[in-house]
Structure formats: C-alpha cells, structure tokens
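What follows is a single structure, written as structure tokens, with notes after it.
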Amino acid sequence: MSTLSISFDGYFQCRLATDPDPSNEQRGISGFTYSVAGETLLDPSIWSQAKDIQAAYGMKDPAFQDPLRSNPQFDIKNIREASPDYTVYNSRGIGILVNKVEIDGESVPELNQKMKGALCRFANRPASNGPYKGPIFEGRNQITSDGDPDRFTVNPFLFSISTPDDSKTILSRFDPLDPEHPDCQLYKIFPNEKIDRRLPYQRFALSDEGLAQIGLTSEELNTYFENRMIWLKGKIVEAEAVNKTALAEAYRSRLYAVNFFTQATGPTVLANRLLSRIPLRQLYKHSIRGNSSMLPVPMVDQEFFGSLQIDTEKEWQILYYLGQYDGDLMAGWCSGTLDIPLK
C-alpha cells in the first residue's frame with residue numbers, strides 16, 4: 001500500500017488570552033497578549049488563512065491603516081506588522097500552505113505543481129466547539145494536560161486542504177476526541193486517556209530547527225524584541241508626522257507591552273515570558289479517524305487527484321509542529337505532514 005504525503009508550513013494567528021488573565025479575558029489585562037485600539041476583542045480561535053480573518057472581521061478602519069506597511073495583509077483587522085528584521089513573517093503573512101507532495105518518499109512533479117501553495121486549514125466544527133469562530137488551543141486550566149500549562153489540544157480537529165486559488169476544497173477530514181460521541185465537547189469527555197492522543201507528543205523549549213524555519217537563530221533571540229521596540233518607536237513618530245494619532249496610539253500600546261513583558265519578567269530567554277515563546281515549539285502526532293457516520297464525512301475531490309485513489313476508510317496520519325509564537329503579533333509557525341493511504 002502506497003502513502004501520499006502532503007507537507008505544509010506557514011503562519012497561523014491565535015489571539016488568545018494568557019496567564020494570569022482568565023481564558024475568557026477579551027481585552028488583555030495582566031497577560032502578555034492584549035487587544036489594542038482598532039482591533040476586535042481577543043478570541044482564542046486559530047486562524048490558518050488571512051482571508052478567513054478578513055471575512056470574519058473585515059479591514060482596518062482607515063485611521064488604523066499604515067500607508068507604509070510592507071504587506072497588504074496588514075490592512076486586515078487584527079493582523080499586525082513586524083519589524084523589518086522579521087522578513088519571513090512580513091513577506092508571507094498569515095497562511096499555512098502546501099510546500100511538497102510525495103508518494104512513498106518520491107516526488108510527484110505533476111501533483112506537486114497542482115498542489116504547491118494549496119491552502120491548509122485547521123477548520124472549525126461548531127457542534128464540538130461551542131461559541132468560537134475557529135478551533136482553539138484547549139486546556140481547561142490544565143485539567144486535560146495533567147497540570148502542564150503548555151500542553152493544549154487543538155479542538156475541534158478538522159483538517160482541510162483547498163486548491164491554491166481556494167476555489168474548492170480537495171480534501172477534508174474530522175478527528176473526533178471520542179468516536180462514540182463525536183459532538184461531545186472536551187470538558188464532558190472522561191477519562192482523559194481519550195484526549196491524551198491529541199496532546200503534544202514532544203516539546204522543545206529551544207528549537208533551532210523551528211527558529212531556522214522562520215529565519216532566525218538562537219544567537220539573534222536577545223535582540224529580537226529590542227529590534228521590535230526600536231521599530232515601534234519609529235512607527236509612532238511616522239504616524240504622528242502624518243497626523244494619524246489613532247495609529248500612533250496603537251503602536252504606543254504595542255511598545256508599552258513589549259517593553260514591559262521583555263524587561264520586567266527576567267533577563268534570560270527562559271525567564272522572559274514573551275521571548276521564551278519564540279524558540280518554543282510542540283510536536284503533535286496522531287491519526288485522523290472520522291468516518292461516514294459523523295459530520296462532516298471524510299471528503300476527497302477524486303477528480304482533482306486523478307488516478308490516485310485515496311482511502312477515506314483507513315485512518316490518516318498527521319504530524320505537525322506548532323510554535324514560534326510571537327505574543328506581540330499573536331502569530332506562530334506551523335509545519336507538518338499529512339500521510340494518506342492510497343488504495
């Protein structure tokens with residue numbers, strides 16, 4: 001039996017409240033994430049594509065649009081720009097995309113050409129997610145992670161891929177936490193062993209590989225937010241010079257928070273809450289096992305894949321890293337591979 005392997009990477013956005021704020025805090029008071037002027041309230045939803053953020057929230061009010069921004073994505077409400085040294089983020093923006101397709105480890109040129117740049121989504125399933133606009137990092141105050149504050153489940157888990165122009169979905173599959181009760185929300189599931197398979201498999205506090213994927217090295221960490229603050233100070237001056245006082249205040253709020261959470265919480269990377277999240281990443285590795293008895297049913301556009309017969313009865317396997325989370329941008333990096341059995 002052959003295996004189709006689809007690799008992907010890119011930035012996601014997640015505007016979640018952070019300790020010591022409660023998980024449902026909507027402004028950000030004492031944690032290192034916060035909503036500033038011109039943005040909506042915090043929402044822990046995971047966004048895989050900038051266009052979905054735009055569809056949900058629209059564009060920034062003109063008073064908060066920066067005429068000197070480096071990427072049109074930064075005109076979308078809630079998407080923040082980084083300092084120029086963070087070139088990978090500024091050039092790519094929010095979006096998880098397919099970067100490689102293989103069968104049994106061998107490249108498939110025709111399919112590679114069709115799928116390169118295809119849009120990957122951690123999609124939503126409201127029946128098992130409650131009020132949120134998208135899936136969330138769910139931990140229920142560490143109840144599901146045996147007291148570890150950084151081990152979260154991506155819930156619900158519905159993974160989809162659409163064509164590079166996003167004109168149609170070419171595959172999608174849901175993974176229930178409890179196959180016998182697919183609509184059950186996480187806090188109702190017991191025992192925890194049913195959830196363990198979806199918790200992070202490994203955690204890396206200082207991942208050189210993760211840093212390399214976003215264009216950084218461990219030696220650059222100490223100046224990472226120093227560069228951000230220098231840039232933010234310049235942006236305040238720029239905004240005031242063109243009489244965009246609201247935009248200047250938004251930049252000033254970001255500067256205050258970055259300064260506070262990098263200078264007041266410790267001199268080293270690991271003692272510094274904001275900076276410590278940049279090199280951190282977690283590995284998730286589990287099956288996707290939804291079937292035709294639950295919604296949404298496994299979906300494959302067989303016409304798109306041509307002669308390749310994709311098996312939707314057998315479990316699919318997915319490995320993905322989530323990390324390199326920037327608390328100022330409220331965005332992180334994802335990379336992974338979806339392995340699908342072929343008939």
Side-chain angles (χ1 to χ4, degrees), residues 3-14 16 45-50 52-53 73 79 82 86-103 105 107-108 111-112 115-123 134-137 150-155 157-162 164 166 170-173 175 198-218 220-221 224 276-288 316-327 329-340:
T3 300
L4 173 67
S5 298
I6 303 172
S7 298
F8 51 88
D9 64 22
Y11 288 95
F12 65 91
Q13 184 190 80
C14 184
L16 77 172
S45 299
I46 300 169
W47 297 98
S48 305
Q49 301 298 332
D52 298 338
I53 300 174
Q73 273 201 17
I79 301 183
Y86 199 2
T87 55
V88 178
Y89 172 82
N90 281 343
S91 60
R92 289 193 57 160
I94 304 298
I96 303 174
L97 308 175
V98 170
N99 59 41
K100 183 175 63 174
V101 182
E102 296 179 330
I103 295 179
S107 180
V108 189
L111 193 56
N112 250 314
M115 291 194 67
K116 191 172 181 61
L119 280 64
C120 302
R121 286 180 171 91
F122 294 98
I136 65 172
F137 291 110
D150 290 321
R151 296 183 75 213
F152 299 104
T153 303
V154 177
N155 185 54
F157 194 91
L158 173 59
F159 194 78
S160 71
I161 300 179
S162 18
D166 206 26
I170 56 176
L171 62 83
S172 175
R173 195 166 184 181
D175 180 59
R198 287 254 299 276
L199 289 172
Y201 181 74
Q202 284 183 307
R203 179 171 60 192
F204 306 87
L206 182 55
S207 171
D208 289 323
E209 182 179 354
L211 289 173
Q213 290 178 0
I214 62 171
L216 297 176
T217 65
S218 57
E220 296 171 299
L221 286 175
Y224 181 84
S276 67
R277 296 320 192 253
I278 303 298
L280 171 69
R281 75 170 180 171
Q282 303 199 103
L283 168 63
Y284 294 78
K285 184 180 180 183
H286 58 83
S287 60
I288 306 178
W316 299 355
Q317 302 294 323
I318 189 166
L319 178 153
Y320 54 103
Y321 291 93
L322 295 170
Q324 281 63 68
Y325 186 77
D326 185 314
L329 304 175
M330 288 185 277
W333 179 257
C334 170
S335 62
T337 302
L338 174 65
D339 288 329
I340 303 175

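Just so we're clear, the structure is a prediction, and the values are computed from it rather than from any experiment.
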Are [X] and [Y] close enough that some pair of their side-chain heavy atoms sits under 4.5 Å apart?
X	Y	answer
M330	W47	no
E209	R281	yes
D166	R121	yes
L216	Q324	no
H286	F157	yes
L322	I46	no
T217	L211	no
L119	L97	yes

Let me see the working for T3 and Q317 under side-chain contact (heavy atoms from CB on, under 4.5 Å), right down to the final yes or no.
CA-CA 10 Å; T3 300; Q317 302 294 323; over 6 Å; no

Do [X] side-chain atoms and [Y] backbone N/O form a donor-acceptor pair below 3.5 Å?
X	Y	answer
R198	D175	yes
Y325	C14	yes
N112	V101	yes
S48	F122	yes
S172	S160	no
Q73	I94	yes
Q49	C120	yes

For the rings on F159 and F8, is their centre-to-centre separation under 6.0 Å?
yes

Pairwise distance CD1(I161) to CG(L171) - rounded to 0.5 angstrom:
4.5 Å

Between the CG atom in L158 and the CZ atom in R173, the distance rounded to the nearest 0.5 Å is 11.5 Å

Start with the C-alpha distance between I214 and Y86, add both sets of side-chain angles, then the distance that settles side-chain contact (heavy atoms from CB on, under 4.5 Å), and finish with yes or no.
CA-CA 8 Å; I214 62 171; Y86 199 2; 3.5 Å; yes

What pair of heavy atoms forms the shortest contact from Y89 to A82, and how long is it?
CD2-CB, 3.7 Å

